[in-house]
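Computed from a predicted structure; not experimentally measured. A note on names: the letters A, B, ... follow the listed sequences, proteins ahead of strands, and every chain is numbered from 1.
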2 protein chains.
Amino acid sequence: MQKKEVTIYDIAQALQVSPATVSRGLKNHPSISKKTCKKIQETAQKMGYRSNALASSLRTSRSFTLGVIVPRLDSNFMSTVLAGMEKSAVELGYHLIIMQSFETDEKEKECARLLFNHRVDGLLVSTSAERGHTEHFAPFLTKNIPVLFFDRVPLDPHPFSSVTINNQRAGYELTKIMLEKGARQLLHVTGNTNLRVYKERLDGFRSALKEFSISILPDHIWQTNLGVEDGIRAAEKILRMKTLPDGIFVANDTCAIAIINHLQKHDIEIPDQIQISGFNNDPFASLFTPQLTTVQYPGTAMGERAVTTIVDLIKNKNKSPKREELDFTLIPGSSTL
Amino acid sequence: MQKKEVTIYDIAQALQVSPATVSRGLKNHPSISKKTCKKIQETAQKMGYRSNALASSLRTSRSFTLGVIVPRLDSNFMSTVLAGMEKSAVELGYHLIIMQSFETDEKEKECARLLFNHRVDGLLVSTSAERGHTEHFAPFLTKNIPVLFFDRVPLDPHPFSSVTINNQRAGYELTKIMLEKGARQLLHVTGNTNLRVYKERLDGFRSALKEFSISILPDHIWQTNLGVEDGIRAAEKILRMKTLPDGIFVANDTCAIAIINHLQKHDIEIPDQIQISGFNNDPFASLFTPQLTTVQYPGTAMGERAVTTIVDLIKNKNKSPKREELDFTLIPGSSTL
DNA sequence: TCATTTTGTGCAATCGATTGCGTAAAATAA
DNA sequence: TTATTTTACGCAATCGATTGCACAAAATGA
């Protein structure tokens, strides 16, 4: 039934040349005459030849495949990053195998193993929220396969590359906006501070308060999962406080908006009673009333940069890891004064 | 420098058995004694052996890889579907190569070619918005590689499988909600009706109006790109109408919310003056005030179903294509009466 | 015309795992 | 003990493309 695979051998036979010549001719190798090249390519076309990437990869041990491990695919931000990655990858002749770690080290490890076996030429990782071990990336190191962390990088020191933004400064600036407008009872709703991104945003929050000589109490910092549910719960908790805070820095937009929404339902005026800022500039954020103060987190750019960097490392194995930081943009909205 | 690859030959030599035995032993082939199996696996572990998926795939011509082509990665709905796909795929021992067509036939074709060369075992496609040709999937057909369309399927008849929802009925029901509450001047803001999804939603809109004996004028149907910008433009256009509509069925949530937002800014009361319904139930939709009337579009489930179905087709090549339709859920909100 | 350089091709090994078929050894039956 | 069945394993070909090296033919130079 199934039509036989057309290989370079078939083409070779049809043209009465050797497979070696066909292989070279197909990619315009300089030592093959123009005429033969052309003939080979035409016949290949005619016979419906399709190069077998597997065979090629096996022989050359380059798969032109990049592995990507993300906590989850269904996040606004992450899908933007992936979009950027895919675009750049294709432009550079690579493609992506994308896997989810579901925020567990266990799965992350499993993904790494699988991608390793699949002989990816490079690995792009946004780490899981569990206290991140990095040993499972060691095999890549010994085989000299570049690994690059983006967005979420391990807290521990590691010998790999990374692409991030300066979360500390972003957190600092978002907090400062509220402080400058008079907020003094500040709250920070954050995610898992095992993750460097959240830890750094928290650091930024801290240093802004410090600058205004406001002492930081542990119960001004709430660790949540930053989902809609968490926002609602946080809002309820806020409503039960004896004195309301007058400024909240929420570590992502989803949660920030959930909080705003719930507080508004209970007749709290935003930003007059409480100023609120988010993080990420999710597409919906600008549509809310009041418009959310947030930072533009350059997802697409991050994806593109991650890929171009890792491809560069693949092509120049001798280069040492690169730590890159992208610019962010403050988006002032009417959720702060 | 680079450590030499450990292969089954190395293990074979270390254990003084044949590579064939090692190959079998690693996967507990029944014809290898338990004892030998165990010994082989232990040594493999000890020597740091990693199976070479490329070699295996080349030999068996099964790559355990599924190709996925989507219009774009950075869409809320799509990332949900992909999340579901990835999850199911891993569970079934497969993984995903994801590519974007950026809504052009050209790129879609290119993606198909690439994925074909990479010997994917199956192809999952959500078609581009351009008038979809399906010839580029023909090679898959001849090689008996299953192709399955999800969400966006070609308008033309085709010999492949599909997983969709009943967009026609969903559109019908969303429209009917507004009609039953008295709306009579209805507007439909839709996407590219070359796409079956939008065409069907439009059909649903039409049949609901017909049921209420309301005639449909072409200028009650606006084709847009359904983005935030498009929503704003649509809202402005609405504001300029001599008589305002009293009901709008928008073909996705993003655009619906953009419209609501803009109309509200111009003091239009939703739903009192105009009822509005969306489509998709994007995570943010429920946070808006008024809460959007929409349909829950089962992204994760769709992704999972698409993968389980295609894997089934891969394993049973003789089975004929399957057309599946998933259930949707109406989410009544306060954006309609 | 003969020597030398340049061009164009082919040979054959290689990348690592798989598998149909054959067979020696062990287990069982007679 | 001999015949028969089972069990456990090895041989060698195969999947398709790549590439260092050798070499013949053509082009150039003297």
Side-chain angles (χ1 to χ4, degrees), chain A residues 2-41 43-44 47-65 93 114 116-121 143, chain B residues 2-41 43-44 47-65 93 116-121 143 145:
Chain A
Q2 177 130 349
K3 265 203 196 125
K4 190 73 180 44
E5 200 75 51
V6 179
T7 73
I8 52 170
Y9 295 96
D10 302 321
I11 302 178
Q13 184 150 42
L15 255 41
Q16 291 299 310
V17 295
S18 80
T21 305
V22 175
S23 173
R24 295 192 177 100
L26 283 170
K27 48 175 59 95
N28 290 312
H29 191 283
S31 81
I32 302 292
S33 72
K34 298 281 160 238
K35 206 194 310 172
T36 323
C37 278
K38 188 145 159 274
K39 204 161 47 180
I40 289 171
Q41 285 166 21
T43 330
M47 297 177 66
Y49 167 79
R50 307 264 188 161
S51 122
N52 186 325
L54 292 174
S56 168
S57 295
L58 174 59
R59 180 62 230 256
T60 61
S61 52
R62 275 172 312 155
S63 64
F64 291 101
T65 300
L114 247 123
F116 185 93
N117 287 1
H118 268 272
R119 300 303 193 260
V120 294
D121 291 341
K143 294 283 301 301
Chain B
Q2 175 128 348
K3 265 201 198 129
K4 189 74 181 48
E5 200 74 52
V6 179
T7 72
I8 53 170
Y9 296 95
D10 302 321
I11 301 177
Q13 185 150 43
L15 254 45
Q16 292 299 309
V17 296
S18 81
T21 306
V22 176
S23 173
R24 295 193 176 100
L26 283 170
K27 45 175 61 98
N28 290 313
H29 191 283
S31 80
I32 303 293
S33 72
K34 298 280 160 239
K35 208 194 307 171
T36 326
C37 277
K38 188 145 159 273
K39 206 161 45 180
I40 288 173
Q41 287 166 18
T43 337
M47 297 178 67
Y49 167 79
R50 305 264 190 160
S51 122
N52 186 326
L54 293 175
S56 168
S57 296
L58 175 60
R59 180 62 230 258
T60 60
S61 52
R62 276 174 313 155
S63 64
F64 290 101
T65 300
F116 186 92
N117 287 0
H118 268 272
R119 299 305 193 260
V120 293
D121 290 343
K143 294 284 301 301
I145 299 170

Nearest whole Å is fine: how far is [N] [atom2] from [X] [atom1]?
X       : N       : atom1 : atom2 : answer
Y9(B)   : dA13(C) : OH    : C1'   : 13 Å
R62(B)  : dT18(C) : CZ    : P     : 10 Å
F64(B)  : dA17(C) : CZ    : C1'   : 13 Å
K35(A)  : dT9(C)  : NZ    : P     : 8 Å
F116(A) : dG16(C) : CZ    : P     : 12 Å
I8(B)   : dT14(D) : CD1   : C1'   : 13 Å
Q13(A)  : dA17(D) : CD    : P     : 14 Å
D10(A)  : dC15(D) : CG    : P     : 10 Å

Q) What residues in residues 49-61 of chain B put a non-hydrogen atom under 4.0 Å from any atom of DNA chain D? A)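 By residue number: L58(B), R59(B).
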
Q: Give, ordered by number, those residues of residues 22-32 of chain B having at least one heavy-atom distance below 4.0 Å to an atom of DNA chain D; if nothing qualifies, reply none.
A: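 Residues of residues 22-32 of chain B that come under 4.0 Å of DNA chain D are, in numerical order, R24(B), S31(B), I32(B).
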
Q: Could you note down all residue pairs passing salt bridge (charged side-chain N to carboxylate O under 4.0 Å, His left out) where residues 17-35 of chain B supplies at least one of them, sequence neighbours left out?
A: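 Found none.
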
Q) Are OP1 or OP2 of dC9(D) and a side-chain N or O of T36(B) less than 4.0 angstrom apart? A)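 Yes, within the criterion.
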
(Q) Quick one: does any side-chain atom of N117(A) pair with a main-chain N or O of L114(A) as donor and acceptor, under 3.5 Å? (A)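 Judged by distance alone, no pair lies under 3.5 Å.
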
Q: Determine yes or no for a side-chain-to-main-chain donor-acceptor pair under 3.5 angstrom, with T43(B) supplying the side chain and K39(B) the backbone.
A: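 Yes; judged by distance alone, with no hydrogens or angles, the pair exists.
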
Q: Between R119(B) and C37(B), just flag the one whose closest nucleotide in DNA chain D comes earlier from the 5' side.
A: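 By nearest-heavy-atom nucleotide position, the 5'-most residue is C37(B).
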
Approximate separation, where rounding is to 0.5 Å, of [X] [atom1] and [Y] [atom2]:
X       : Y       : atom1 : atom2 : answer
I40(B)  : N28(B)  : CD1   : CG    : 9.5 Å
N52(A)  : R119(B) : CG    : CZ    : 4.0 Å
H118(B) : S56(A)  : NE2   : OG    : 8.5 Å
Q13(B)  : T7(B)   : CD    : OG1   : 9.0 Å
Q41(B)  : T36(B)  : CD    : OG1   : 10.5 Å
L26(B)  : I32(B)  : CG    : CD1   : 10.0 Å

